[in-house]
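See structure below.
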2 protein chains.
Amino acid sequence: MTAPNRKPDYETLLRQAGLRITRPRQVILQILTETDDHPDAAQIFQRAVKQDAQISLATVYRTMKALEENGAIQRHAFGDGPARFEHAGDAHHDHLIDVDTGDVIEFASDRIEALQDEIAERLGYEIVHHRLELYGRKKR
Amino acid sequence: MTAPNRKPDYETLLRQAGLRITRPRQVILQILTETDDHPDAAQIFQRAVKQDAQISLATVYRTMKALEENGAIQRHAFGDGPARFEHAGDAHHDHLIDVDTGDVIEFASDRIEALQDEIAERLGYEIVHHRLELYGRKKR
DNA sequence: GACCTTATTGCAAACGGTTTGCATTTGCAG
DNA sequence: CTGCAAATGCAAACCGTTTGCAATAAGGTC
Ligand SMILES: [Mn+2]
Ligand SMILES: [Mn+2]
Ligand SMILES: [Zn+2]
Ligand SMILES: [Zn+2]
């Protein structure tokens with residue numbers, strides 16, 4: 001469940017950053033555009049290989065890094081597993097991870113966000129970014 | 001800055017779990033007892049080697065795992081660096097990491113904790129654990 | 001289109017943190 | 001003190017990620 005899809009124009013974004021639109025990148029960007037979950041590099045790679053059998057995992061990683069540096073995607077590290085990605089541009093939100101299924105549910109709370117700022121303020125700090133993850137189990 | 005030191009009796013705890021009090025473990029436990037920060041395995045190892053030159057890093061890792069499984073310590077993964085440890089038993093708190101210095105400041109907010117429960121509740125989940133980390137920069 | 005320069009690729013090897021197999025040592029119950 | 005299982009040190013394996021390198025291909029210029 002991702003916030004309303006902004007259908008970000010990754011290609012234009014990359015072009016403006018002076019990066020080339022290569023075949024591997026097109027494939028990866030397409031996957032990112034039409035995905036609604038938080039895939040890791042291996043999953044993106046699996047999906048990519050179906051479209052172009054000679055894409056390499058290294059290229060997936062390099063592309064993700066490029067996209068991240070240009071603010072096109074966000075990288076998360078849930079639990080201790082591999083990094084997982086999602087397109088940026090949607091409004092800020094945090095995540096609830098189902099410990100049984102691994103499902104990721106998004107949520108947002110401006111009250112929590114405000115309290116975070118308050119706390120940082122009180123400690124004499126300015127928040128650069130934060131990470132709030134709830135790990136939970138579905139109530140039956 | 002850690003909450004008031006509970007001076008946990010790790011040795012008794014380990015004995016009750018059926019684990020043996022070996023020399024390497026004594027050294028590591030001592031380090032953990034008198035430390036007030038959030039050291040990683042390499043740091044614990046460095047400190048340990050000063051007391052007993054033949055302790056191995058593998059033993060540090062194995063001991064940390066044993067302690068964690070018995071609820072004696074907590075493991076954190078700040079940013080993307082190595083895991084960092086602190087003794088459990090102190091009251092729950094979350095962390096503010098100084099992005100410039102790496103310093104870790106502890107804080108607690110029952111208002112935030114309550115809001116988290118509320119959110120999970122609303123989504124039909126029960127929180128097993130959570131992770132709240134603020135990454136900030138000191139205001140001058 | 002052909003050409004040139006340079007970014008990007010695939011591959012395999014390196015990486016850093018952590019875990020593990022194994023032969024040896026050690027704690028500790030009897 | 002003995003005997004046995006648990007714990008150790010070492011080195012090798014691990015897993016996700018990054019990197020060096022030679023080969024390829026993007027895309028600006030004519
Ligand atoms: Mn998300
Ligand atoms: Mn702490
Ligand atoms: Zn947030
Ligand atoms: Zn908390």
Side-chain angles (χ1 to χ4, degrees), chain A residues 10-31 38-70 72-85 102, chain B residues 10-31 38-70 72-85 102:
Chain A
Y10 290 125
E11 295 208 5
T12 306
L13 203 154
L14 287 190
R15 278 222 168 72
Q16 283 169 352
L19 300 178
R20 294 177 181 176
I21 311 301
T22 66
R23 167 91 173 119
R25 281 180 182 165
Q26 293 182 50
V27 173
I28 294 170
L29 294 182
Q30 223 229 44
I31 292 170
H38 300 75
D40 60 35
Q43 292 171 320
I44 295 170
F45 175 61
Q46 281 176 216
R47 298 177 198 181
V49 160
K50 282 188 223 157
Q51 322 246 197
D52 179 340
Q54 69 233 42
I55 286 178
S56 76
L57 182 55
T59 294
V60 173
Y61 277 110
R62 281 191 277 235
T63 300
M64 299 320 280
K65 175 174 288 185
L67 289 173
E68 192 186 6
E69 283 168 353
N70 288 276
I73 62 166
Q74 269 183 259
R75 174 191 302 257
H76 299 291
F78 299 140
D80 51 354
R84 302 174 61 165
F85 307 90
Chain B
Y10 289 126
E11 294 207 4
T12 306
L13 203 155
L14 287 191
R15 278 222 168 73
Q16 283 170 351
L19 300 178
R20 295 179 178 174
I21 310 303
T22 65
R23 166 90 175 121
R25 282 181 181 163
Q26 295 182 49
V27 172
I28 293 170
L29 293 182
Q30 222 230 47
I31 292 171
H38 299 75
D40 60 34
Q43 291 170 320
I44 295 171
F45 174 61
Q46 280 176 215
R47 298 178 199 180
V49 160
K50 282 188 221 156
Q51 322 246 190
D52 178 341
Q54 68 234 42
I55 285 177
S56 77
L57 182 55
T59 294
V60 172
Y61 276 110
R62 282 191 277 233
T63 300
M64 300 321 279
K65 176 174 289 185
L67 289 173
E68 192 186 7
E69 284 168 352
N70 289 277
I73 62 165
Q74 269 183 260
R75 172 191 303 259
H76 300 292
F78 299 140
D80 50 354
R84 301 175 63 166
F85 307 91

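Protein chains get the first letters and strands the later ones, always in sequence-line order, with residue 1 at the start of each. The basis for the numbers below is simple: all heavy atoms, side chains too, and nothing from hydrogens, waters or symmetry mates. As the structure is a computational prediction, the values presented were derived from the model and not from experiment.
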Check whether any side-chain heavy atom of A:Asn70 lies under 4.5 Å from a side-chain heavy atom of A:Leu19, and answer yes or no. yes

For [X] and [N], give me the distance from atom [atom1] to atom [atom2], rounded to whole Å.
| X | N | atom1 | atom2 | value |
| --- | --- | --- | --- | --- |
| A:Asp40 | D:dT18 | CG | P | 13 Å |
| A:Asp80 | C:dT18 | CG | P | 10 Å |
| A:Ile55 | C:dT9 | CD1 | P | 9 Å |
| B:Leu14 | D:dT8 | CG | P | 10 Å |
| B:Met64 | D:dA7 | CE | P | 16 Å |
| A:Phe45 | C:dG10 | CZ | P | 9 Å |

Check whether any side-chain N or O of B:Arg23 sits under 4.0 Å from OP1 or OP2 of C:dT26, and answer yes or no. no

Is there a side chain to side chain contact (heavy atoms under 4.5 Å, CB included) between B:Asp52 and B:Gln26? Walk through the geometry before answering. CA-CA 10 Å; B:Asp52 178 341; B:Gln26 295 182 49; over 6 Å; no

Let me confirm one number: the CZ-CD1 distance from B:Phe45 to B:Ile31, rounded to the nearest 0.5 Å. 10.5 Å

Restricting to nitrogen or oxygen on both sides, can you table the protein-nucleotides 20-25 of chain C pairs closer than 3.5 Å?
residue : atom : partner : partner atom : Å
C:dG21  : O6   : B:Arg62 : NH1          : 3.3

For B:Ala42, answer base if it contacts any base atom (sugar-phosphate contacts may also be present), sugar-phosphate if it contacts only those atoms, and nothing otherwise; contact means non-hydrogen atoms under 4.0 Å.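 It contacts nothing in the nucleic acid.
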
Sorted by position of nearest nucleotide on DNA chain C, 5' first, the leading residue of B:Arg75 and B:Gln26 is B:Arg75

Just the table, please: protein N/O against nucleotides 27-30 of chain D N/O, every pair under 3.5 Å.
residue : atom : partner : partner atom : Å
D:dG27  : OP1  : A:Ile21 : N            : 2.8

